[in-house]
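What you are looking at is a predicted structure, and each value in this text was computed from that prediction instead of being measured. Labels below follow one simple rule: chain letters A, B, ... track the order of the sequence lines, proteins then strands, and each chain is numbered from 1.
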Protein chains: 2
Amino acid sequence: MANKEEKQLDIPEGEFLAAREDVVKKVLEQQPADEILYDLAELFKVFGDSTRIKILYSLFETELCVYDIARLLNLSQSSVSHQLRILKTSKLVKFRREGKSVFYSLDDEHVREIISMGMEHVEE
Amino acid sequence: MANKEEKQLDIPEGEFLAAREDVVKKVLEQQPADEILYDLAELFKVFGDSTRIKILYSLFETELCVYDIARLLNLSQSSVSHQLRILKTSKLVKFRREGKSVFYSLDDEHVREIISMGMEHVEE
DNA sequence: TTATCATATGTTCATCTGTTCATATGTATA
DNA sequence: TATACATATGAACAGATGAACATATGATAA
């Protein structure tokens with residue numbers, strides 16, 4: 001593994017390179033499958049938009065209908081609806097119909113936890 | 001606050017609307033400043049790319065130099081360096097110089113925690 | 001100094017993303 | 001049924017973003 005040096009290296013240097021190879025190999029073994037890391041990035045991408053963050057934060061304590069979210073955040077109904085669809089697809093929010101309105105709420109404790117963790121980093 | 005209805009509504013309906021106004025008002029009061037929510041979204045945006053996630057994950061257990069990260073993840077040196085700059089700017093990684101190499105490592109326990117939280121959601 | 005290795009940076013380009021506008025769907029009421 | 005209200009969806013456009021390439025900087029050794 002660590003023997004592809006062309007020039008002959010002294011022993012300490014050789015040992016150092018071998019150690020690096022081992023580290024690289026171990027990291028590779030511990031790395032989750034590409035697909036999982038891709039999904040993980042996709043998840044964070046959803047949190048990576050201020051409109052969606054605002055919507056999620058609004059739902060921290062209570063459910064809200066689309067119209068109230070739009071009013072609250074001074075956004076267009078269309079924009080809110082589009083973003084809610086993304087949040088729905090990512091399983092971050094759930095909804096229930098009540099008459100003409102649709103009430104959205106957080107789907108999962110993870111959402112709160114992930115955002116709270118992020119907050120700690122931002123507020124430092 | 002809840003008296004902008006044009007048509008006269010019966011009392012229960014009026015009370016319902018008033019209650020909704022209160023909810024909206026309370027949510028608004030609890031919402032962090034726009035600037036903070038913007039920064040929060042920016043933070044998650046950094047996590048929202050599979051190349052950067054892979055780099056961060058590689059640094060979970062050990063520091064690594066740029067060249068080894070590139071080799072490990074089969075990425076170009078340029079690409080890794082660009083992404084490391086973004087991670088550096090966001091205070092997610094720190095670095096130390098050793099001779100010609102620069103070794104990067106996670107800057108913060110929050111990084112590990114945020115990624116772990118995300119993992120739990122993805123692996124469900 | 002010059003050569004070489006390791007990393008950083010600037011620029012270009014194709015692709016992705018969020019918003020807006022228009023319109024469709026769904027629901028309740030007259 | 002027709003009408004209004006609440007939400008969802010489709011299309012188009014502007015702005016953002018990541019990768020690749022070339023090149024610059026920094027550090028060590030000859």
Side-chain angles (χ1 to χ4, degrees), chain A residues 4-10 13 16-17 20 24 37-38 41-42 44-56 63-90 93-105, chain B residues 4-10 13 16-17 20 24 37-38 41-42 44-56 63-90 93-105:
Chain A
K4 60 176 175 181
E5 305 88 78
E6 285 128 26
K7 290 201 285 182
Q8 199 63 23
L9 295 166
D10 52 298
E13 187 77 359
F16 174 67
L17 286 176
R20 264 181 57 186
V24 167
L37 295 177
Y38 181 80
E42 287 303 302
F44 285 124
K45 205 172 283 181
V46 177
F47 287 96
D49 174 79
S50 58
T51 298
R52 287 191 292 267
I53 282 282
K54 284 180 188 175
I55 292 174
L56 289 173
E63 63 174 9
L64 289 170
C65 71
V66 178
Y67 179 73
D68 280 347
I69 295 172
R71 204 159 48 108
L72 176 67
L73 301 177
N74 200 30
L75 297 167
S76 73
Q77 176 270 318
S78 175
S79 183
V80 171
S81 198
H82 275 295
Q83 300 301 355
L84 282 171
R85 191 164 66 87
I86 293 171
L87 294 171
K88 218 179 342 182
T89 305
S90 309
V93 301
K94 61 190 177 200
F95 63 98
R96 67 180 182 85
R97 185 138 218 153
E98 186 180 307
K100 285 178 283 190
S101 298
V102 178
F103 285 84
Y104 283 83
S105 56
Chain B
K4 58 175 180 182
E5 305 87 78
E6 285 126 25
K7 291 200 283 183
Q8 200 63 23
L9 297 165
D10 53 297
E13 188 76 358
F16 174 66
L17 286 176
R20 262 182 58 185
V24 168
L37 295 176
Y38 181 82
E42 288 302 303
F44 285 124
K45 202 172 288 180
V46 176
F47 287 96
D49 174 78
S50 59
T51 298
R52 287 191 291 269
I53 283 283
K54 283 180 188 175
I55 292 174
L56 289 173
E63 63 174 9
L64 288 171
C65 69
V66 178
Y67 178 72
D68 280 347
I69 296 173
R71 205 158 51 108
L72 178 65
L73 302 176
N74 201 30
L75 297 167
S76 72
Q77 177 270 318
S78 175
S79 183
V80 171
S81 197
H82 274 294
Q83 300 301 355
L84 282 170
R85 191 165 67 86
I86 293 171
L87 295 171
K88 218 180 340 183
T89 304
S90 310
V93 301
K94 61 188 176 201
F95 63 97
R96 68 179 181 85
R97 185 135 218 157
E98 187 179 307
K100 286 177 282 187
S101 296
V102 178
F103 284 83
Y104 283 83
S105 55

Would you kindly give the [atom1]-to-[atom2] distance between [X] and [N], to the nearest whole Å?
X	N	atom1	atom2	answer
B/Leu75	D/dG18	CG	P	13 Å
A/Ile86	C/dT17	CD1	C1'	8 Å
B/Ile55	C/dA8	CD1	P	11 Å
B/Ile69	C/dA8	CD1	C1'	14 Å
B/Glu42	C/dG18	CD	P	12 Å
A/Arg85	C/dT25	CZ	C1'	15 Å
A/Leu84	C/dG18	CG	P	13 Å

Could you grab the distance from atom [atom1] of [X] to atom [atom2] of [Y], nearest 0.5 Å is fine?
X	Y	atom1	atom2	value
A/Gln83	A/Ser50	CD	OG	9.0 Å
B/Asn74	B/Lys54	CG	NZ	9.0 Å
A/Ser76	A/His82	OG	NE2	8.0 Å

Readout for nucleotides 21-29 of chain D: B = base within 4.0 Å of protein heavy atom, S = sugar-phosphate only, - = neither; 5' to 3' it is BB----SS-

So do [Y] and [X] actually touch side chain to side chain, heavy atoms under 4.5 Å?
X	Y	value
B/Ser105	B/Phe103	no
A/Leu64	A/Ile55	no
B/Gln77	B/Val80	no
A/Thr51	A/Leu75	yes

Tell me every residue that passes ring pair (Phe, Tyr, Trp, His ring centres under 6.0 Å) with A/Phe95, counting only those two or more places apart in sequence or in another chain. A/Tyr104

Any base atoms under 4.0 Å from A/Ser81, or only sugar-phosphate, or nothing? Heavy atoms, all strands. base

For the side chain of B/Arg52 and the backbone of A/Ala41, is there at least one donor-acceptor N/O pair under 3.5 Å apart? no

Here the residues of residues 45-53 of chain B within 4.0 Å heavy-atom distance, strictly under, of DNA chain D are B/Lys45, B/Asp49, B/Thr51, B/Arg52

Determine: side-chain N/O of B/Tyr104 to OP1/OP2 of C/dA8, distance under 4.0 Å, yes or no. yes

So, OP1 or OP2 of D/dA19: does either fall under 4.0 Å of a side-chain N or O from B/Gln83? yes

